[in-house]
2 protein chains.
Amino acid sequence: MNSTIKDVARKANVSIATVSRILNNKTGFSEKTKKKVLRVIEELGYQPNALARGLINKNTQTIGVLIPTVSNMFASEILSGIEKHANDLGYSVIVCNTGSIGKRTIDYLQVLSEKRVDGVIIVSEFIYDDYHKILNDMDIPVVLVSTISLEFPIPYVKVDDRHAAFTATNYLIKKGHTKIAMIAGDAKDPLAGKPRIEGFKSALLSSGLQINEDYIIDCQTFSHEDGIKAMEEILQKQLDITAIFASSDELAVGAMSVAYRNGIKIPDQLSIIGYDNTKLAEMIIPSLTTVAQPLFDMGVVAATMLFEIKETGEVIQSRIMSHEIVERETVRSYFS
Amino acid sequence: MNSTIKDVARKANVSIATVSRILNNKTGFSEKTKKKVLRVIEELGYQPNALARGLINKNTQTIGVLIPTVSNMFASEILSGIEKHANDLGYSVIVCNTGSIGKRTIDYLQVLSEKRVDGVIIVSEFIYDDYHKILNDMDIPVVLVSTISLEFPIPYVKVDDRHAAFTATNYLIKKGHTKIAMIAGDAKDPLAGKPRIEGFKSALLSSGLQINEDYIIDCQTFSHEDGIKAMEEILQKQLDITAIFASSDELAVGAMSVAYRNGIKIPDQLSIIGYDNTKLAEMIIPSLTTVAQPLFDMGVVAATMLFEIKETGEVIQSRIMSHEIVERETVRSYFS
DNA sequence: TTGTAGGCGTTATCAA
DNA sequence: TTGATAACGCCTACAA
């Protein structure tokens with residue numbers, strides 16, 4: 001059990017060098033010995049030891065993925081894309097669930113560093129100085145997904161949040177809505193929070209609509225639970241609105257459930273548009289109109305970029321993925 | 001960048017053996033040299049090479065997880081639990097997205113074998129002979145989650161599907177329902193399909209109700225989409241029912257959406273109970289009554305078992321996790 | 001308390 | 001076409 005190259009060599013009456021050559025499709029052996037060696041490998045059930053290989057080749061055929069939570073549809077869809085493409089190229093992926101706490105990230109990075117992964121993909125996280133320091137010391141490709149670093153020149157793949165939020169809001173306006181609230185997620189979040197608020201505002205502005213800060217509900221997170229709270233706040237404030245733009249599908253769905261409980265019909269009395277286009281958006285009833293991020297593809301693209309950097313050794317251009325409105329059932333038009 | 005133990009030794013004027021001892025908290029060095037070495041390590045930013053360590057220690061501090069899809073709430077919740085506990089114990093996890101095709105599983109197993117992972121957790125998959133052969137050759141702990149192998153004695157953690165289905169159906173009956181259909185998922189699935197159907201039937205039987213095979217809708221999968229199809233079939237067949245038991249939350253939600261589109265009020269005109277208790281169940285509107293599997297905990301327990309086997313070297317007892325009805329809004333009572 | 005040296009399972013460089 | 005042999009970075013007897 002777990003024989004080594006040495007065992008193979010001995011049993012086949014050749015040197016380990018020859019076995020190694022055959023294993024790696026190098027040149028320098030006869031067809032006959034190849035046959036023989038291959039048979040012995042089969043007989044022994046020999047499996048090359050990736051550790052020993054990695055030690056000498058300085059690559060492990062594995063990458064690390066830092067991701068806030070695998071157990072939400074947003075992140076897991078991205079992870080799925082990454083894993084898919086990595087696997088297609090013969091790489092394994094180590095998942096690191098950073099959660100919301102920051103400390104674990106450092107530890108994970110340390111571990112990935114010790115394990116000598118060939119690259120790291122970071123999803124939806126702010127890049128602090130110490131992260132970057134470790135990353136830098138590791139001297140391997142890094143790419144960001146759905147996040148960005150102003151401080152450090154790390155390539156990323158994401159949608160243009162401001163633009164997407166603008167598009168969503170504008171969609172509402174084009175449907176005849178003028179009294180619109182926003183459930184903003186974490187307004188302090190410089191990556192997924194602020195830009196979307198800005199996009200919301202500028203859509204209003206460019207249509208000559210008034211901005212009222214009271215109509216922008218700040219939550220702590222982008223979760224379903226906070227969507228509920230936000231909608232309750234909207235109701236309690238008795239905001240005079242016909243539509244809501246939510247910064248995530250979960251927020252939107254949370255809001256929808258409160259509306260439902262209060263007898264508010266969607267979209268008849270209140271329209272709502274989400275953000276992300278997770279599977280939740282199509283499963284919820286009524287199905288949620290939302291601005292889609294190509295989550296799975298973003299994962300694939302991130303992995304593609306990572307390996308491209310690895311191969312070429314060059315810095316790669318970041319990618320802005322295009323977003324699009326997916327029209328479903330939660331937005332009412334005031335025309336036609 | 002990427003200094004070795006040798007660099008540390010040289011710079012600290014000690015032997016590599018001493019550095020190694022300090023690194024591993026062994027005995028045999030003075031406090032003074034420890035200080036000195038530690039400082040040098042700090043200065044150099046030295047990180048032990050896990051590959052070299054693993055090569056000699058014969059362990060990699062990483063486990064592999066085979067899972068059909070990370071991008072559904074069921075699997076990702078389990079994965080989350082596994083990752084959590086593994087990480088707490090200093091292990092990394094490699095995710096292997098087996099998808100629905102079988103071939104990839106073999107390849108993944110091969111890779112995990114070459115990478116010399118310390119253990120493997122397999123989620124929701126049937127264990128074929130060749131899987132088992134590889135697993136056996138790897139000679140490492142294996143545990144199954146939400147699946148079971150009749151052929152091979154591999155420890156597992158799961159709920160009692162038959163019992164859980166019985167409980168769900170019985171719950172419906174106790175609420176006064178007598179005309180109940182089942183959306184069965186994949187009826188040919190010997191693990192998640194058949195047992196639930198049996199549980200459904202025996203609940204009916206033990207309450208003196210009739211079993212009508214026509215009322216058991218067989219789908220290919222447990223997906224949202226198939227829930228839609230199943231409900232359409234129910235409608236088209238014009239089954240005379242007041243309640244449905246669905247083999248997964250996704251199926252239930254798919255059915256709900258069709259009911260909604262057809263103006264059928266839930267739970268007023270039709271009650272429905274799901275299976276799993278994923279986050280979807282609490283987010284859907286109205287929120288879904290369902291029989292809960294402790295998904296996250298099952299992941300944690302699986303990891304716990306894995307490491308226990310690894311430590312003790314003994315075969316560990318399988319664990320049947322308890323299920324429970326989570327009462328929400330989709331089941332109407334005919335009493336009171 | 002410390003150092004020397006052999007070995008973990010490979011690949012790669014020489015010779016032969 | 002082959003085979004020794006020196007790395008790769010670390011751990012661990014065994015000596016000192």
Side-chain angles (χ1 to χ4, degrees), chain A residues 1-38 40-41 44-62 110-111 113-118 137-139, chain B residues 1-38 40-41 44-62 110-111 113-118 137-139:
Chain A
M1 210 157 300
N2 266 350
S3 40
T4 76
I5 198 173
K6 225 182 262 175
D7 301 324
V8 176
R10 191 176 323 131
K11 188 157 180 193
N13 280 315
V14 295
S15 72
I16 59 172
T18 298
V19 178
S20 178
R21 287 188 194 103
I22 294 174
L23 244 30
N24 298 288
N25 302 307
K26 305 256 157 144
T27 132
F29 51 82
S30 70
E31 197 57 28
K32 204 174 108 197
T33 58
K34 175 174 177 181
K35 283 251 165 54
K36 182 172 57 179
V37 167
L38 251 26
V40 172
I41 286 179
L44 258 37
Y46 164 75
Q47 314 241 132
N49 183 321
L51 294 179
R53 275 190 164 166
L55 189 55
I56 199 160
N57 290 336
K58 272 135 182 30
N59 83 29
T60 52
Q61 296 291 112
T62 110
Q110 214 83 42
V111 171
S113 175
E114 295 187 1
K115 295 221 162 118
R116 300 297 192 261
V117 294
D118 298 332
D137 286 355
M138 289 172 76
D139 195 28
Chain B
M1 212 157 299
N2 266 353
S3 39
T4 75
I5 198 173
K6 223 182 263 175
D7 302 324
V8 175
R10 191 175 323 132
K11 187 157 181 192
N13 281 317
V14 295
S15 71
I16 60 171
T18 299
V19 177
S20 176
R21 288 186 193 103
I22 294 173
L23 243 30
N24 297 288
N25 302 306
K26 304 257 154 140
T27 129
F29 49 82
S30 70
E31 197 56 29
K32 203 173 110 198
T33 58
K34 174 175 178 179
K35 283 249 166 54
K36 183 173 55 181
V37 168
L38 252 26
V40 172
I41 287 179
L44 258 37
Y46 165 74
Q47 314 239 134
N49 183 321
L51 294 179
R53 273 190 164 167
L55 190 54
I56 199 161
N57 291 334
K58 271 129 183 32
N59 82 29
T60 52
Q61 297 291 109
T62 110
Q110 215 82 43
V111 171
S113 176
E114 295 188 1
K115 295 221 163 120
R116 301 296 193 262
V117 295
D118 299 332
D137 286 355
M138 290 171 76
D139 196 28

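All chains are named by letter (A, B, ...) in the order of the sequence lines, taking the proteins before the strands, and each is independently numbered beginning at 1.
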Is the side chain of B/Lys115 donor-acceptor paired with the backbone N or O of A/Gln61 at a distance under 3.5 Å, no angle test? yes

Indicate for each nucleotide in nucleotides 6-16 of chain D, in 5' to 3' sequence, whether protein heavy atoms under 4.0 Å reach the base (B), only the sugar-phosphate (S), or nothing (-). -BBBBBBB---

Residues that [X] engages under side chain to side chain donor-acceptor pair (under 3.5 Å), provided they are two or more places apart:
X	answer
B/Thr18	B/Ser15
A/Glu114	none
B/Asp118	B/Thr60

Have a look at the helix from C/dT1-D/dA16 to C/dA16-D/dT1 and give the angle its two end axes make, five pairs each, rounded to 10 degrees. 40°

Applying side chain to side chain contact (heavy atoms under 4.5 Å, CB included), name anything that partners [X], two or more places apart in sequence or on another chain.
X	value
A/Lys34	A/Ile22, A/Phe29, A/Glu31, A/Leu38
B/Lys26	B/Arg21, B/Asn24
A/Leu23	A/Ile5, A/Val19, A/Ile41, A/Tyr46, A/Arg53

Residue list, salt bridge (charged side-chain N to carboxylate O under 4.0 Å, His left out) with A/Lys11, at least two apart or on another chain: A/Glu43

At under 4.0 Å between heavy atoms, what does B/Thr33 touch on the DNA or RNA strands: base, sugar-phosphate, or nothing? sugar-phosphate

Students often get this wrong, so: under 4.0 angstrom with heavy atoms, is A/Asp7 touching a base, only sugar-phosphate, or nothing? nothing

